[in-house]
Amino acid sequence: MQSSRTLHRAWIVAIVAFVAIVGAAGFRATPGVLITPLQDEFGWSRGTISLAVSVNLTLYGLFSPFAAALMERFGMRRVVSAALALVALGSGLTVFITASWQLVLLWGVLVGLGTGSMALVFAATLTDRWFVRHRGVVMGVLTAGGATGQLIFLPVLAHLAETQGWRTSALTVAGAALAVVPLVWFLLRDTPEELGLTALGATEPIVRTPSGGAAARALRVLRQSARKKSFWYLVAGFAICGASTNGLVGTHFIPAAHDHGMGETAAASLLAVIGIFDIVGTVASGWLSDRVDSRVLLTVYYALRGLSLLVLPQLFAATAHPSMLVFIIFYGLDWVATVPPTVALCRKVFGPDGSVVFGWVFASHQVGAAVAATVAGVTRDHLGNYNLAWYGAGLLCLLAALMSARIVTNVRQDRRAAILVG
C-alpha cells in the first residue's frame with residue numbers, strides 16, 4: 001500500500017500517458033497542414049490526398065478495439081511503445097514518396113495502425129486500471145492530450161512547411177513520436193497491482209487474468225454489445241462526432257480557409273486555438289461526467305456543435321474577424337468534450353467490457369471521420385467549395401443529439417425498450 005502522504009503512482013502513470021498521447025498527436029495535425037503543399041508539388045487532387053487520410057482514420061478506428069484487447073493481453077507499455085515507433089516509421093518514410101499510393105501506404109496504413117494501437121482506448125484502459133476516484137477528470141485530461149499535441153504541433157508544422165518544406169514537417173512528427181518511446185518504456189506500468197499498489201481510490205487490489213486471444217475477445221464483446229440498442233446509438237453518435245471533427249474540421253479547415261485567401265500559418269494558428277479551448281472543454285467535460293448524466297451532456301454537446309457548423313460557411317474570410325474567433329472558441333470547447341461521457345456510458349452500460357466496447361464505438365468515430373474526409377475533399381473538387389460538407393455535418397450533429405437522448409443505462413429499461421421495438 002502507498003502512503004496517503006506521498007504522490008500516488010497513478011498520477012505519474014497518467015502524466016507519462018499524457019506525454020505519449022501528445023507525442024503521437026503530431027500526425028493528427030499533419031494532414032491539414034500538408035494537403036496544399038502536396039497538391040502543389042505533385043499535382044494530386046484534394047480527393048486523392050484525402051483518400052490517404054481516410055485510410056488512416058479508418059485503420060485508426062478499426063484497430064482500436066483490438067488494441068484494447070492487446071493491451072489487456074500484452075500490457076499497455078509494450079503496445080504503446082510499438083505504436084509510437086510505427087508512427088515514427090510511417091511519418092519518416094513519407095519524405096521519400098513519389099506516388100499517391102505510397103502516401104496511402106505510409107500515411108494511411110502504417111501510421112493508421114500505429115495511432116490506432118493507442119488512440120483513445122489507451123486513455124480509457126489506463127483510467128479503468130489506475131483510477132477509481134477522479135476517473136472522469138483524468139479521462140478528460142488524457143483526451144485533451146490530443147488537443148495539446150495539436151496546439152503544439154500545428155503552428156510549428158505549418159511554419160516549417162512554408163519555410164523549409166513539408167518534408168521537414170513530416171520528420172518533425174517522426175522525431176517527436178520516437179522521442180517519447182523511452183519515457184513510456186521505463187515509466188509506464190500496466191497495473192498498480194504489479195507494483196504492489198491499488199488503484200487510486202480503491203480499497204483492495206484487483207486480480208486480473210490476461211485473456212487468451214485479443215482478437216477473439218474483441219469480436220466476442222462486439223457480438224454481445226451489438227444486442228443492445230444503446231450500443232448502436234453510441235456507435236452512430238460517435239461516427240457523427242468523428243465526421244464533424246477529425247474528418248471535416250481537422251482535415252479541411254486549413255485548406256478551406258486558404259480558399260478564402262487566408263494564409264496557411266494563420267489558419268493553422270486558428271486550428272491550434274481550437275486546441276486551447278478543447279483542453280478546457282474536455283477537462284470540464286470530464287469533471288461534469290462524474291456529476292451529471294452523461295446522456296444529457298452528449299445531447300447538449302452535439303446540438304451546440306451542429307448549430308455552430310451550420311453558421312461556419314458564412315464566417316470564412318481572408319482574415320480572422322471577430323465572428324470567426326467566436327466560432328473557434330465555441331467550437332473548441334466542444335471538440336472532444338464528447339469523449340468522457342461516452343467512455344462513462346460504455347463503462348456504465350457494459351461493465352467490465354466497457355474499454356473494449358469503447359474501442360468499437362471509437363472505431364465508428366474514425367470510420368465517420370474517414371468518410372467525411374473523402375466526401376469533403378470530393379465535394380470541394382466538384383463544387384469548388386466546402387459549403388455542402390459544413391451544412392451536412394451540422395444537420396448530422398443535431399441527429400446525434402437526438403440519438404444520445406435515447407440511450408438507456410438501466411438493464412431493465414433496455415429490455416423494455418427492446419420489447420417495445422420488437
Does the side chain of Cys397 come within less than 4.5 Å of Ile240's, by heavy atoms? yes
Quick one: which of Ile15, Leu183, Leu126 gives a side chain to side chain contact (heavy atoms under 4.5 Å, CB included) with Leu188? Leu126
Carefully, step by step, assess Ser285 and Tyr301 under the rule side chain to side chain donor-acceptor pair (under 3.5 Å). CA-CA 10 Å; Ser285 180; Tyr301 295 158; 3.0 Å; yes
Once side-chain contact (heavy atoms from CB on, under 4.5 Å) is applied, do any residues pair with Thr127, and if so which ones, sequence neighbours excluded? Val138, Met139, Leu142, Arg347
Taking the side chain as every heavy atom from C-beta outward, state whether Val357 and Gln224 have any atom pair closer than 4.5 Å. no
Kindly write out the residues that satisfy side-chain hydrogen bond (donor to acceptor under 3.5 Å, both in side chains) with Ser308, not counting sequence neighbours, or none if the list is empty. none
Output yes when a side-chain donor or acceptor of Thr94 lies under 3.5 Å from a complementary backbone atom of Gly90, and no otherwise. yes
Of all the heavy-atom pairs spanning Leu157 and Ser169, show the shortest one and how long it is. O-OG, 2.9 Å
Look at the side chain of His134 and the backbone N and O of Trp287, then say whether any donor-acceptor pair between them is shorter than 3.5 Å. no
Over 60° means perpendicular and under 30° means parallel, so tell me whether Phe131 and Trp11 are parallel, tilted or perpendicular. perpendicular
Are any non-hydrogen side-chain atoms of Arg73 and Val79 less than 4.5 angstrom apart? no
Distance under 6.0 Å and angle within 45° of ring axis: Lys228 vs Tyr233: no
Side-chain donor or acceptor of Arg77 paired with backbone N/O of Trp185 under 3.5 Å: yes
Give the intermediate values and the outcome of salt bridge (Lys or Arg N to Asp or Glu O under 4.0 Å) for residues Arg78 and Asp190. CA-CA 9 Å; Arg78 292 178 181 176; Asp190 297 316; over 6 Å; no
If you apply the rule side-chain contact (heavy atoms from CB on, under 4.5 Å), what do you find for Val339 with Thr282, and how did you get there? CA-CA 8 Å; Val339 174; Thr282 306; 5.6 Å; no
Report yes or no: does Ser91 contribute a side-chain atom to a donor-acceptor pair with the main-chain N or O of Ala88 at less than 3.5 Å? no
Across all chains, not counting sequence neighbours, the side-chain contact (heavy atoms from CB on, under 4.5 Å) partners of Val249 are Phe253, Leu271, Ile274, Leu309, Tyr331, Trp335, Trp390
Applying the side chain to side chain contact (heavy atoms under 4.5 Å, CB included) test to Ile49, which of Val104, Leu103, Thr251 qualifies? Leu103
Student check: side-chain heavy atoms of Trp130 and Arg189 closer than 4.5 Å: yes
Under a 3.5 Å distance rule, please check whether Asp381 uses its side chain to pair with a backbone N or O of Gly47 as donor and acceptor. yes
Check the pair Leu59 / Gln366 against side-chain contact (heavy atoms from CB on, under 4.5 Å), numbers first and verdict last. CA-CA 8 Å; Leu59 289 177; Gln366 296 309 110; over 6 Å; no
Are the side chain of Asp353 and the backbone of Val221 linked by a donor-acceptor contact shorter than 3.5 Å? no
Which heavy atom in Ser100 sits nearest to a heavy atom in Thr48, and how many Å separate them? CB-CG2, 3.8 Å
Heavy-atom side-chain contact between Leu178 and Leu84 under 4.5 Å: no
When you compare the side chains of Arg46 and Tyr386, does any donor N or O come within less than 3.5 Å of an acceptor on the partner? yes
So, Phe362 versus His365, ring centres under 6.0 angstrom or not? yes
Any donor-acceptor pair under 3.5 Å from Ser404 side chain to Thr299 backbone: no
Is there a donor-acceptor pair under 3.5 Å between the side chain of Arg406 and the backbone N or O of Leu402? no
Is there a side-chain contact between Trp107 and Leu34 in this structure, where contact means two heavy atoms from C-beta onward sitting under 4.5 Å apart? yes
Kindly give the heavy-atom pair with the smallest separation between Ser54 and Ala370, and that separation in Å. OG-O, 2.7 Å
Beyond-backbone contact of Ile254 with Val33, side-chain heavy atoms, under 4.5 angstrom: yes
Using atom types as modelled and distance alone, determine if a side-chain donor or acceptor of Thr374 lies under 3.5 Å from a backbone N or O of Val371. no
Step by step, would you call Arg305 with Thr338 a side-chain contact (heavy atoms from CB on, under 4.5 Å)? CA-CA 10 Å; Arg305 182 186 299 174; Thr338 55; 3.7 Å; yes
Between Leu298 and Leu345, does the side-chain contact (heavy atoms from CB on, under 4.5 Å) criterion hold? Intermediate values first, please. CA-CA 10 Å; Leu298 286 181; Leu345 284 171; 3.6 Å; yes
Is a side-chain donor or acceptor of Ser323 paired with a backbone partner of Leu315 at a separation under 3.5 angstrom? no
Ignoring hydrogens, what is the shortest heavy-atom contact between Ala376 and His252? Give both atom names and the distance. CB-CD2, 3.6 Å
Side-chain contact test, heavy atoms from C-beta onward, threshold under 4.5 Å: evaluate it for Thr115 versus Phe63 and give yes or no. no
